[in-house]
K.L.:
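Sending over a structure as structure tokens; questions will come in a sec.
Both backbone and side-chain heavy atoms feed into the values below; hydrogens, waters and symmetry mates do not. Below, chain A is the first sequence line, B the second, and so on; all start at residue 1.
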Number of protein chains: 2
Amino acid sequence: MYFCPMYSKEIIKGTLKPIILKLLEQEGRMYGYEITSKVKVLTQGKIQITEGALYPLLHKLEAEGIVITEQENIGKRIRKYYLLTPEGKNLATAAIDEFLDFMVTIKSILDPTANISYGNAK
Amino acid sequence: MYFCPMYSKEIIKGTLKPIILKLLEQEGRMYGYEITSKVKVLTQGKIQITEGALYPLLHKLEAEGIVITEQENIGKRIRKYYLLTPEGKNLATAAIDEFLDFMVTIKSILDPTANISYGNAK
DNA sequence: TTAAATACATAATAAATTTATGTATTTTTG
DNA sequence: CAAAAATACATAAATTTATTATGTATTTAA
């Protein structure tokens, strides 16, 4: 039985992993370059994933069985799609939920107006 | 003139700094152990700052002129209070704002329901 | 035809944090 | 009252995560 001791460290650190997991969950499959450009567009350039961070992480996720890959040849170029495994889907859901929860917690510290309650409701 | 290129790396990583700056801004002055226990209470134990992360960061902030210290003797024990300098106050405001903004951005990716708009309002 | 974009990858370095360890005082509890 | 837990600081080693730099090669746009 799991009794909420504390957020895991990786989630407090690093937003890259939850972002990737979310996008893969949503899009079905994506290739590396597509992830960086999608995030760039979604965030209006505010978040630009570097290749040095992305590719090693994708490889790690693959080694851990969280994603599998499908290679496709686009002309003479190789494109490597990443897909969540069934296990990866579970992990993705959990990781995203945990991160959203974490943000509520952080926000309650950084932005107390977000939590104003009226009356005696708690 | 500053034209939004991208979030700084430190803020994407590490929530510790914004948390500390926020608490100091709010409380006026705090000592290390007080910060850890306050965060623990505020987050119902979900965030537990380790001393190995806290003290080196506080020392760094002091070296950078973001905080100054006041020592007090409690019995035979020393208690070291940290206070924001005027420069530190500016930095605190900026860092907290940036972090809150960052969370909106991340949330728009991780939780698309948070951004549903009706009609053509932007 | 040249620059920019697409598409992958890895190595060296830097930064942030965890884990472990250390010292010492004060308070609580059995 | 003795032992455990809490208070209060600190640092060093190891780990994790990400940046920066570099490399290769193809395709598209200027």
K.L.:
Please give me the minimum heavy-atom distance between A:A53 and A:L16, naming the atom from each residue.
P.N.:
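For A:A53 and A:L16, the tightest heavy-atom pair comes out as CB-CD2, 3.8 Å.
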K.L.:
Just how far, in rounded Å, is C1' of C:dT17 from CD1 of B:I47?
P.N.:
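For the pair B:I47 CD1 and C:dT17 C1', the rounded distance is 14 Å.
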K.L.:
Using five pairs at either end of the helix from C:dT1-D:dA30 to C:dG30-D:dC1, determine the angle between the two local helix axes and round it to 10 degrees.
P.N.:
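For the helix from C:dT1-D:dA30 to C:dG30-D:dC1, the axes at opposite ends meet at about 30°.
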K.L.:
Heavy atoms only: give me the nearest B:K17-B:L61 pair and the separation to one decimal.
P.N.:
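In terms of heavy atoms, the two residues are closest at CE-CD2, 4.0 Å.
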K.L.:
So, is A:T50 near the phosphate of D:dA18, with a side-chain N or O under 4.0 Å from OP1 or OP2?
P.N.:
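For D:dA18, neither OP1 nor OP2 has a side-chain N or O of A:T50 closer than 4.0 Å.
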K.L.:
In B/S/- notation, 5' to 3', how is nucleotides 25-30 of chain D contacted by protein heavy atoms closer than 4.0 Å?
P.N.:
-BS---
K.L.:
Please list, one pair per line, the donor and acceptor atoms closer than 3.5 Å that link side chains of residues 35-42 of chain A to other protein atoms, with sequence neighbours excluded.
P.N.:
residue, atom, partner, partner atom, Å
A:T36, OG1, A:Y33, O, 2.7
A:S37, OG, A:Y33, O, 2.8
A:S37, OG, A:E34, O, 3.3
A:K38, NZ, A:E27, OE2, 3.3

K.L.:
Write down the distance between NZ (B:K38) and C1' (D:dA6), rounded to a whole number of angstrom.
P.N.:
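My rounded result for the distance is 19 Å.
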K.L.:
Using nucleotides 9-14 of chain D, report all nitrogen or oxygen pairs with the protein that are shorter than 3.5 Å.
P.N.:
residue, atom, partner, partner atom, Å
D:dC9, OP1, B:K80, N, 3.1
D:dC9, OP2, B:G32, N, 3.3
D:dC9, OP2, B:Y33, N, 2.5
D:dC9, OP2, B:Y55, OH, 3.0
D:dC9, O5', B:Y55, OH, 3.4
D:dC9, N4, B:E51, OE2, 2.9
D:dA10, OP1, B:H59, NE2, 3.4
D:dA10, OP1, B:K80, NZ, 2.8
D:dA10, OP2, B:H59, NE2, 3.0
D:dT11, OP2, B:H59, ND1, 3.3

K.L.:
Roughly how many Å is it from CE in A:M30 to P in C:dA7, rounded to a whole number?
P.N.:
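Rounded to the whole Å, the gap is 12 Å.
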K.L.:
Is there any ring pair (Phe, Tyr, Trp, His ring centres under 6.0 Å) pair reaching into residues 35-55 of chain A, and which pairs are they, with sequence neighbours excluded?
P.N.:
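Every pair satisfying ring pair (Phe, Tyr, Trp, His ring centres under 6.0 Å) with a residue in residues 35-55 of chain A: there are none.
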K.L.:
Which pairs count as salt bridge (Lys or Arg N to Asp or Glu O under 4.0 Å) when at least one residue sits in residues 72-96 of chain B, sequence neighbours excluded?
P.N.:
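Matches after skipping sequence neighbours: B:R29-B:E72.
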K.L.:
Round to a whole Å and report the spacing from CD1 of A:I35 to C1' of C:dT6.
P.N.:
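In whole Å, C:dT6 C1' and A:I35 CD1 are 15 Å from each other.
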K.L.:
Within this structure, what is the CG-CG distance for the pair B:L58 and B:L24, rounded to the nearest 0.5 Å?
P.N.:
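If we round to the nearest 0.5 Å, B:L58:CG and B:L24:CG are 7.5 Å apart.
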K.L.:
Of the non-hydrogen atoms in B:P18 and B:I96, which two are nearest, and what is the gap between them?
P.N.:
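Taking every non-hydrogen atom into account, O-CG1, 4.2 Å.
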K.L.:
Taking A:T69 for its side chain and A:Y82 for its backbone only, find out whether a donor-acceptor pair lies under 3.5 Å.
P.N.:
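Not a single qualifying donor-acceptor pair exists.
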K.L.:
First locate atom CZ of A:F99, then atom CD1 of A:I106, and finally report the distance between them rounded to the nearest 0.5 Å.
P.N.:
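One gets 9.0 Å once the value is rounded to the nearest 0.5 Å.
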K.L.:
Are the side chain of A:T105 and the backbone of B:T43 linked by a donor-acceptor contact shorter than 3.5 Å?
P.N.:
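Such a contact is absent between A:T105 side chain and B:T43 backbone.
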K.L.:
Do A:Q48 side-chain atoms and A:G45 backbone N/O form a donor-acceptor pair below 3.5 Å?
P.N.:
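Yes; at least one donor-acceptor contact below 3.5 Å.
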K.L.:
Taking only side-chain N and O atoms of A:K60, does any of them lie within less than 4.0 angstrom of OP1 or OP2 on D:dT16?
P.N.:
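Negative; the distance criterion is not met.
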K.L.:
Between B:Q48 (CD) and D:dA6 (P), how many Å, whole number?
P.N.:
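It is 11 Å, rounded to the nearest whole Å.
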